[in-house]
Amino acid sequence: MDGIHDLGGKQGFGPINVTEPTEPFHEEWEARVWGISCSTGAPGITIDWWRYIREMTIPEDYLTRPYLDSWSESDMVTLVDSNICTVEELATGKSNTPRLEDANNITVDQALEANRMSSRRFDRPSNADPKYIVGNDVVTCQFTSTGHTRLPAYVRGKPGKVYAYHGAHLLPDAGAKGEEIAEHLYTIAFNACDLWPEAHDSNDIIFVDLWESYFDN
Amino acid sequence: MDGIHDLGGKQGFGPINVTEPTEPFHEEWEARVWGISCSTGAPGITIDWWRYIREMTIPEDYLTRPYLDSWSESDMVTLVDSNICTVEELATGKSNTPRLEDANNITVDQALEANRMSSRRFDRPSNADPKYIVGNDVVTCQFTSTGHTRLPAYVRGKPGKVYAYHGAHLLPDAGAKGEEIAEHLYTIAFNACDLWPEAHDSNDIIFVDLWESYFDN
Amino acid sequence: MTTFDEKKAVEIHQALHSHLPSEPALRVKALESLLIEKGLTTSETIDAWIEAYSEEIGPKRGALIIARSWVDPEFKKRLMADAAKAIEEFGFEGKATGHLKAVENTDKIHNLVVCTLCSCYPFSILGIAPTWYKTAAYRSRAVRDPRGVLNEFGVMLNDDIKVCVWDSTAELRYLVVPQRPSGTDNLNEKELAELVTRNSMIGTDRDLNSQAKVKS
Amino acid sequence: MTTFDEKKAVEIHQALHSHLPSEPALRVKALESLLIEKGLTTSETIDAWIEAYSEEIGPKRGALIIARSWVDPEFKKRLMADAAKAIEEFGFEGKATGHLKAVENTDKIHNLVVCTLCSCYPFSILGIAPTWYKTAAYRSRAVRDPRGVLNEFGVMLNDDIKVCVWDSTAELRYLVVPQRPSGTDNLNEKELAELVTRNSMIGTDRDLNSQAKVKS
């Protein structure tokens, strides 16, 4: 999706607020968003579908609403999509169905343990041989999936070099549709001078993790 | 500039308000903006520098402020840039310099005549022969000027065909720096199927007016 | 004089963002007061321009051009060859029409005009651009999903009609010449002009037959 | 169950935009009340998660990893070979660290981490991402103008130092291993950890010597 989220290299933004307080949460509601997000969720969701939902945020909202507020709104979309609640209920904060038994409380130690157990891996077995080895030259596709993809606009149709190979990982373009496809994943090194017109004298490198179907050659 | 203004093909926007009233101005302030814009201006400005200033609008403002308000704000930037007024004066609406004689009033007929006389041409003589003729295949550049350009992102690095030749016109990339360069201008026909992944069955054509230095071949 | 200094322009944008009231009416009121006090314009002059663009300069002009092209084959030829010159026959030249081009709808072609990079529009013959024409929604979608955009405007195109989208990236401006409605042989030029909608000259309207039925 | 229906998702976004209060605190309060009433979570559980991410899970964890890598060459080897596995030695594995990679600063290389497409971050070892990391400004500029970004953070790089920017587009997450400050031979692992800033592990801080001077 060529959406507002695809910000790499877009100009006109800035400066950066480098004097932000170091506390993890700057507003009470931000902390609540995090706690809610950690303790609830829509069943059957994939990380890719969640990200795609986030990308479909109204562009004006995406750019102007506080980050965790907009992030929480994407969670709300998944709740409504899954019939866990309605827009009206979210607007009023009151349930239209009979009150259920309260969920169980967890302690901080249980949260820490749940966090530790939530480490997930996205590599999967694949029967296909990887097409590239480290050091190979690649050219990224100009075209992407029409829906969710993780090939950013700024590295489409660009030459790069395979820096690392990571085995086959779940392809986001499929995950956003609820499908599981394992595809070889590489870290590609792009020269800044191949990406940006003003970077012709630069030796800087931009590394991007890309799947095998994101290459043309 | 890869800015927020470069909207062609960006996804996530919509729907369109097709039931808008037909009156030219929907708010009194909109009418005033137009009248002010028609009757004032910063000296020495080029259309390209004005557009570049507009492109440098804070992206959040560009997407969320009413169109003519944001447009007027660009006019204000030119006034401040030219030392015609200060930001403080614009904030208060009061001049910090001695009051000058009032400008002359003009009548509606004089406005109509001034409008008629404001037709401008942007073609200029050129000693160079045009590199292409109608029917030629071209490929647009992936890279553009780092500042203002009129090669939209959605037709960069894309194949097209010369549909029409218009003589040499002032190059916007130079005009935004106050320079006059005449360069051959063509209308290029792009197949929708070469621009958009979902358009593989489409016969639709997108015509874009592009200067000779916007092509690679 | 203007500086052509991009860093300075960014700083001024940021200063205006921080210091000006957020309400458009207040911003514009302050701007007008200031420019009048500085002797750069007057309320009456601003009024005159507003009236010119409310009463005289508007889509009525474009409609007269289209109607003439329907009844006068020689004018039609001149319009298609050089629209910028042809509209001088009406005295309609002016803002943003110096390189006007006419593009004609046929049974197999539908034309749609957009400006993806800003909001270029042939002011002197169509007046103030509608707000939708200037929205991110129209500008982003017209080149990628023109049929979806047309559907929202109530225009359903058969697959055998090709859409030609014109993105106004240079100083050329485009005027769509819609097809003359059937059953209008008895109408004169002035009556025909009344059938021509603004949207039909941008390309977000196509079939003027419904207009013709109402009028005839 | 979730539908994977993009049209539906867009409609829900629009409905939420129209019907929810614009004030974030009010939106979140309503969300929390509703989810509790529906028996999906509790206030105490939310509190527990907030405390976990305020007190335990944060950049202190990353700092301990970095300090260990400075004093224990064998650990450093394991960290560089497979950071996801190496952090299990601390029990720090968890959200978004399943494919953690460590990238090391040297005299000639400076590493900077960003996620241009969303805001991926190795939560379990660095905690909640700073707001700036999630802004359009940082995400757009880090890959195009990394030296300009670094300057704003007070990091001035000589031209002979190459910047390596890591855009977290897959489920790999990156941890920058900053250089050990000079003159810290006398510090133990715990004292060294106190020198490691959060920003140095993202790459928007480089020279920890100033930290070392304050502490030693």
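Given the structure is predicted, the values throughout are model-derived calculations rather than measurements. Values below: all heavy atoms of this structure, side chains included; hydrogens, waters and symmetry mates excluded. Proteins come first, then strands; the chains are lettered A, B, ... in the order of their sequence lines, and each starts at number 1.
- Annotation: side chain of A:I36 is not in contact with side chain of D:W49 (no heavy-atom distance under 4.5 Å).
- Both the backbone and the side chain of A:F122 have a heavy atom closer than 4.5 Å to some heavy atom of chain D.
- If you take CD on A:E55 and NE2 on D:H13, they are separated by 9.5 Å, rounding to the nearest 0.5 Å.
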Test A:I106 against D:T42 for side chain to side chain contact (heavy atoms under 4.5 Å, CB included), laying out the working first.
-> CA-CA 9 Å; A:I106 68 166; D:T42 69; over 6 Å; no

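- Put simply, of A:K94, A:K177, A:E28, A:R120, the one with the most heavy-atom pairs under 4.5 Å next to chain D is A:K177.
- Within the 3.5 Å criterion, the main-chain N or O of A:N104 finds a donor-acceptor partner in the side chain of D:T45.
- Remark: side-chain polar atoms of D:E37 are not paired, donor with acceptor, to backbone N or O of A:R99 under 3.5 angstrom.
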**Request:** Step by step, work out the side chain to side chain contact (heavy atoms under 4.5 Å, CB included) result for D:L20 and A:M76.
**Result:** CA-CA 11 Å; D:L20 262 52; A:M76 297 187 209; 3.5 Å; yes

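- The most heavy-atom pairs under 4.5 Å with chain D, out of A:G44, A:S39, A:A31, come from A:S39.
- With rounding to the nearest 0.5 angstrom, the OH atom of D:Y138 is 16.0 Å from the CZ atom of A:F13.
- For the pair D:C164 and A:D204, the minimum side-chain heavy-atom distance is 4.5 Å or more.
- Chain A forms the most heavy-atom pairs under 4.5 Å with one residue out of D:L26, D:N199, D:D47, and that residue is D:D47.
- The two residues D:F4 and A:A176 have their closest heavy-atom pair at CD2-O, 3.3 Å.
- Both the backbone and the side chain of D:L117 come within less than 4.5 Å of a heavy atom of chain A.
- Neither the backbone nor the side chain of D:S18 has a heavy atom closer than 4.5 Å to any heavy atom of chain A.
- No side-chain heavy atom of A:E30 sits less than 4.5 Å from a side-chain heavy atom of D:P24.
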_Under the criterion salt bridge (Lys or Arg N to Asp or Glu O under 4.0 Å), I'd like the reasoning laid out for A:R51 against D:E171: C-alpha separation, chi angles, the key distance, then a yes or no._
CA-CA 12 Å; A:R51 287 206 185 104; D:E171 298 307 330; 2.9 Å; yes

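- Side-chain N or O atoms of A:H5 include none that pairs as donor or acceptor with a backbone N or O of D:T116 at under 3.5 Å.
- Closest approach of A:L79 to D:L31, counting heavy atoms only: CD1-CD1, 3.9 Å.
- No side-chain donor from either of A:E88 and D:H19 sits under 3.5 Å from a side-chain acceptor of the other.
- Rounding to the nearest 0.5 Å places CD1 of D:I57 at 8.0 Å from SG of A:C38.
- Counting heavy-atom pairs closer than 4.5 Å to chain D, the top residue among A:M1, A:M117, A:Q11 is A:Q11.
- Here the CG atom belonging to D:N111 is positioned 7.5 Å from the CZ atom belonging to A:F207, to the nearest 0.5 angstrom.
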Apply the test side chain to side chain contact (heavy atoms under 4.5 Å, CB included) to residues D:V143 and A:Y154: give CA-CA distance (whole Å), side-chain angles for both, the deciding distance (0.1 Å), then the verdict.
-> CA-CA 9 Å; D:V143 291; A:Y154 77 95; 3.4 Å; yes

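- A:G93 approaches D:S33 most closely through the heavy-atom pair O-CB, 3.5 Å.
- For chain A, the nearby part of D:K101 is the side chain; its heavy atoms alone come within less than 4.5 Å.
- For the options D:D5, D:T135, D:V103, D:T204, heavy-atom pairs under 4.5 Å to chain A are most numerous at D:D5.
- With respect to chain D, the highest number of heavy-atom pairs below 4.5 Å among A:A42, A:P152, A:G3, A:G14 belongs to A:P152.
- Looking at D:E88, there are no atoms closer than 4.5 Å to chain A (heavy atoms on both sides), in backbone or side chain.
- When every heavy atom of A:C85 is checked against every heavy atom of D:L34, the shortest pair comes out as CB-CD2, 3.7 Å.
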Note to self: I'd like to know whether D:D167 forms a salt bridge (Lys or Arg N to Asp or Glu O under 4.0 Å) with A:R150, so could you lay out the CA-CA distance, the side-chain angles of the two residues, the decisive distance to 0.1 Å, and finally the verdict.
What the structure shows: CA-CA 11 Å; D:D167 188 359; A:R150 295 289 280 184; over 6 Å; no

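- Looking at every heavy atom in both residues, D:G39 comes nearest to A:A103 through O-CB, 3.5 Å.
- Inter-residue side-chain proximity for D:F153 and A:I16 is flagged as met; some heavy-atom pair is nearer than 4.5 Å.
- Between chain D and the options A:L100, A:I58, A:D69, A:N83, the largest number of non-hydrogen pairs under 4.5 Å is found for A:D69.
- At a heavy-atom cut-off of under 4.5 Å, chain A is reached by D:R61 from residues 61-69 of chain D, listed in order of number.
- A donor-acceptor contact closer than 3.5 angstrom links the side chains of D:T2 and A:D81.
- Using a 4.5 Å cut-off between heavy atoms, D:F92 makes no contact with chain A at all.
- Distance CH2/A:W50 to SG/D:C118: 7.5 Å, rounded to 0.5 Å.
- Contact check for D:I128 versus A:W34: side-chain heavy atoms found under the 4.5 Å cut-off.
- Residue contact with chain A, scored on non-hydrogen atoms closer than 4.5 Å, is absent for D:P59.
- Contacts with chain A were tallied for D:E56, D:R198, D:E32; D:E32 has the most, counting heavy-atom pairs under 4.5 Å.
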| query | Between D:Y53 and A:N115, does a side chain to side chain contact (heavy atoms under 4.5 Å, CB included) hold up when you go through it step by step? | reply | CA-CA 10 Å; D:Y53 268 86; A:N115 185 74; 2.7 Å; yes

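- The candidate with the highest count of non-hydrogen atom pairs below 4.5 Å against chain A, out of D:T97, D:V163, D:I36, D:V28, is D:V163.
- In this structure, CZ in D:R27 is found 7.0 Å from OG in A:S72, a value given to the nearest 0.5 Å.
- In summary, D:E23 and A:R65 do not engage in a salt bridge, as defined by a charged side-chain N under 4.0 Å from a carboxylate O.
- Between the side chains of D:Y174 and A:D209, at least one donor N or O sits under 3.5 Å from an acceptor N or O.
- Ring centroids of D:W166 and A:Y163 are separated by less than 6.0 Å, placing the two rings close together.
- The main-chain N or O of A:R116 is never found under 3.5 Å from a side-chain atom of D:E93 such that the two would form a donor-acceptor pair.
- Of all the heavy atoms in A:A91 and D:P21, the pair that sits closest is O-CD, 4.4 Å.
- When the candidates A:D48, A:D102, A:T57, A:T46 are compared by the number of heavy-atom contacts under 4.5 Å with chain D, A:T57 comes out ahead.
- Salt bridge annotation for A:E198-D:R144: present, with a cationic side-chain nitrogen under 4.0 angstrom from a carboxylate oxygen.
- When D:H110, D:R141, D:H99 are compared by the number of non-hydrogen pairs under 4.5 Å with chain A, D:H99 comes out ahead.
- Between the side chains of D:K38 and A:T97, a donor-acceptor pair is found at a separation under 3.5 Å.
- Per-residue counts of heavy-atom pairs under 4.5 Å with chain A were compared for D:H17, D:M1, D:E51, D:K162; the largest is that of D:M1.
- A 6.0 Å sphere centred on CG of D:D159 holds no more than 12 heavy atoms belonging to other residues, nucleotides or ligands.
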